[in-house]
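Lettering of chains follows the sequences in order, A, B, ..., and the numbering in each one begins at 1.
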Amino acid sequence: MIEVVDLYKEFKGIPVLKGITTTFEKGVTNMIIGQSGSGKTVFLKCLVGLHIPDSGIISFDGRKHTELGIKEHRLLRQEIGMVFQGGALYDSLTVEENIMFPLKMFTDQSFEENLDRVNFVLKRVNLENANKKFPAELSGGMQKRVSIARAIVMNPKYLFCDEPNSGLDPNTATVIDNLIKEITEEYQIITVINSHDMNSVMEIGEKIIFLKDGVKEWQGSNKEIFKTENEAVVNFVYSSNLFRKVREVYLKETK
Amino acid sequence: MNYLKHVGKYFIMLRQVFRKPQKWSVFQEMLFREIEDLGLKSLGIIAFISFFVGGVIAIQTALNVDNPFIPKYLIGFATKQSMILEFAPTFMSVILAGKVGSYISSSIGTMRVTEQIDALEVMGINSLNYLVLPKIIATVFFYPLLISLAMFLGILGGYFAGTLTDLFNSEDYIYGLRLDFDPYYIQYALIKTVVFAFVIATIPAYHGYYVKGGSLEVGRASTQAVVWTSVVIILLNYFLTQMLLA
Ligand SMILES: Nc1ncnc2c1ncn2[C@@H]1O[C@H](COP(=O)(O)OP(=O)(O)O)[C@@H](O)[C@H]1O
Ligand SMILES: [Mg+2]
């Protein structure tokens, strides 16, 4: 379990996260939602240790960030997989080299063993015959798959995804969402996903945290998000007409 | 005041760079890649420039010493001295600062703004050590070879200039080359080269690594990197010359 207690983070005196408390369990898709600029990325980067919070506690199965030395922190990071918003693939390396990179760096396996593992995860994300391609030669959806493959190649206990389906067409976005959900359940990972896309939320949001201006406004599941009376959530979710209609129908039916 | 902050940050960066590589095999692979990207790929331009600059120095000197009381071997002597002492180590380093410096800062800067550096850090990799140390080792060990080649080709360029134009003859030129030859000059030039090589690898790395924003800022950082690298080379050249020769 990941525990976050009263997390604060500011940049040059401007507060971005204002005291966030929550927990994330394994095997479920946890989602952080909120408008652009609400602090989702900063929150995720605090979780993985790319930003140092100004105060608050972050603990991964009892290991608190603040109590770890540099070495222990690096070890913890080997249990973390992260999918960045833009993919963040190493553009001087091929698909195969990108995914093999953490294996080469942190294991003493032979090249053949590494290659087996790479091909296994590539198959898992349904991307075969792209081993020798460079990131620039791939479509957005393929880049995301490679990025997910790289994030899970070390068998992480924790998986973080920053807007994994931004910039993808709706079909591909749904495929990527479901892929992340399947992987989470299959390997019992603690997964946290940032999103501002309501489709994803409805598709895979088992536990949802709604951030507004750096504050946790609301928390619940994708079933509850329809029924909530919280004004900020309703405004965010139903900024789309389609969802507003769906809500009306849903509320009528469940009455 | 602001400059001081950058200088401090630069040295703090170096402390992170000089760590033991996390995996030697990966380091080695990076090192070979950098030797090719930062060294071998500059071979052509350095050879081309030094050969013609050597030729021009010889011709200029010949045209300026048409006084019969000044011996012709002075042309060879002057070409040798200027190539070894300044043109090869300093002038070529400034050219490398432009070519290699902009490459280093834009490639690292792009990695920064596309979150590739974050991706390294999340994996538990010391990104500064991983990215910058191989560049330093590559330039510090390879550039002395590159600059020695530049010295040789410059002097050769002078020789060809003489034989092709009849401005001076080859015996005089070679006599001038041998005259008052002091191996310490080569040593001095190579010490300078090593220092400049370090500057060429690290200052652009600093500018790229700490860039914030998007591709526009990466471009700006790489211009800044070239300017500062050249300025620092010229200043260090002055101080090193005073220290080593005066
Ligand atoms: N490195 C940084 N330095 C200064 N301000 C930042 C930095 N990163 C994010 N911010 C600010 O924090 C706020 C939240 O940003 P972010 O977490 O990226 O939003 P989101 O991911 O929800 O769109 C924004 O106002 C942004 O300008
Ligand atoms: Mg974001």
Engineer: Please report the interatomic distance CD(B:Glu115) to CG(A:Asp162), rounded to the nearest 0.5 Å.
Structural biologist: 6.5 Å
Engineer: Please list all pairs meeting side chain to side chain donor-acceptor pair (under 3.5 Å) that have one or both residues in residues 64-75 of chain A, counting only residues at least two apart or in different chains.
Structural biologist: none
Engineer: Can you tell me how far CZ of A:Phe84 sits from CD of B:Gln116, rounded to the nearest 0.5 angstrom?
Structural biologist: 10.5 Å
Engineer: Residue by residue, scan residues 32-63 of chain A and write down, ordered by number, those that have a heavy-atom distance under 4.5 Å to chain B; if none do, write 'none'.
Structural biologist: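 Hits under 4.5 Å: A:Lys45, A:Val48, A:Leu50.
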Engineer: Under 4.5 Å heavy-atom distance to chain A, tell me which part of B:Ile117 shows up: side chain, backbone, both or neither.
Structural biologist: neither
Engineer: Check the surroundings of atom NZ in B:Lys99: do more than 12 heavy atoms from other residues, nucleotides or ligands lie under 6.0 Å from it?
Structural biologist: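 Count over threshold, so yes.
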Engineer: Just do the side chain to side chain contact (heavy atoms under 4.5 Å, CB included) check on A:Met154 and B:Met123 with the steps written out, would you?
Structural biologist: CA-CA 10 Å; A:Met154 292 280 285; B:Met123 286 179 187; over 6 Å; no
Engineer: Any heavy-atom pair between the side chains of A:Arg77 and B:Glu121 that's under 4.5 Å?
Structural biologist: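 When only atoms from C-beta onward are counted, A:Arg77 and B:Glu121 do touch, with a gap below 4.5 Å.
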Engineer: What side-chain donor-acceptor pairs closer than 3.5 Å can you find for residues 26-35 of chain B, not counting sequence neighbours?
Structural biologist:
residue : atom : partner  : partner atom : Å
B:Glu29 : OE1  : A:Lys104 : NZ           : 3.4
B:Glu29 : OE2  : A:Lys104 : NZ           : 3.1
B:Glu34 : OE2  : B:Lys135 : NZ           : 2.9

Engineer: Out of A:Gln78, A:Met82, A:Met105, which one racks up the most heavy-atom pairs below 4.5 Å with chain B?
Structural biologist: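 Ranked by heavy-atom pairs under 4.5 Å with chain B, first place is A:Met105.
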Engineer: Side chains of A:Phe106 and B:Lys23, heavy atoms from C-beta outward: is any pair under 4.5 Å?
Structural biologist: no
Engineer: Do A:Gln85 and B:Thr114 come close enough that some side-chain heavy atom pair is under 4.5 Å?
Structural biologist: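 They are not in contact (no side-chain heavy atoms under 4.5 Å apart), so the answer is no.
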Engineer: Spell out the residues in residues 38-54 of chain B that have some non-hydrogen atom less than 4.5 Å away from a non-hydrogen atom of chain A, in order of number; otherwise answer 'none'.
Structural biologist: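 Interface residues of residues 38-54 of chain B: none, nothing closer than 4.5 Å to chain A.
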Engineer: Heavy-atom distance under 4.5 Å to chain B: side chain of A:Ser92, backbone, both or neither?
Structural biologist: both
Engineer: Would you say OH of B:Tyr210 has more than 12 non-hydrogen atoms from neighbouring residues, nucleotides or ligands within 6.0 angstrom?
Structural biologist: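 Buried by this count: over 12 neighbours within 6.0 Å.
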Engineer: Assess whether atom CZ of A:Phe134 is packed by more than 12 heavy atoms of other residues, nucleotides or ligands within 6.0 Å.
Structural biologist: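 Yes.
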Engineer: What part of A:Leu89 gets closer than 4.5 Å to chain B, counting heavy atoms only: side chain, backbone, both or neither?
Structural biologist: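 For A:Leu89, the backbone is the part near chain B, not the side chain.
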Engineer: Decide if atom NZ of A:Lys123 counts as having more than 12 heavy atoms of other residues, nucleotides or ligands within a radius under 6.0 Å.
Structural biologist: no
Engineer: Less than 4.5 Å apart, side chain to side chain, heavy atoms only: is that true for B:Val122 and A:Phe160?
Structural biologist: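 Not in contact.
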Engineer: Check whether more than 12 heavy atoms from other residues, nucleotides or ligands sit under 6.0 Å from atom CZ of B:Phe239, and answer yes or no.
Structural biologist: no
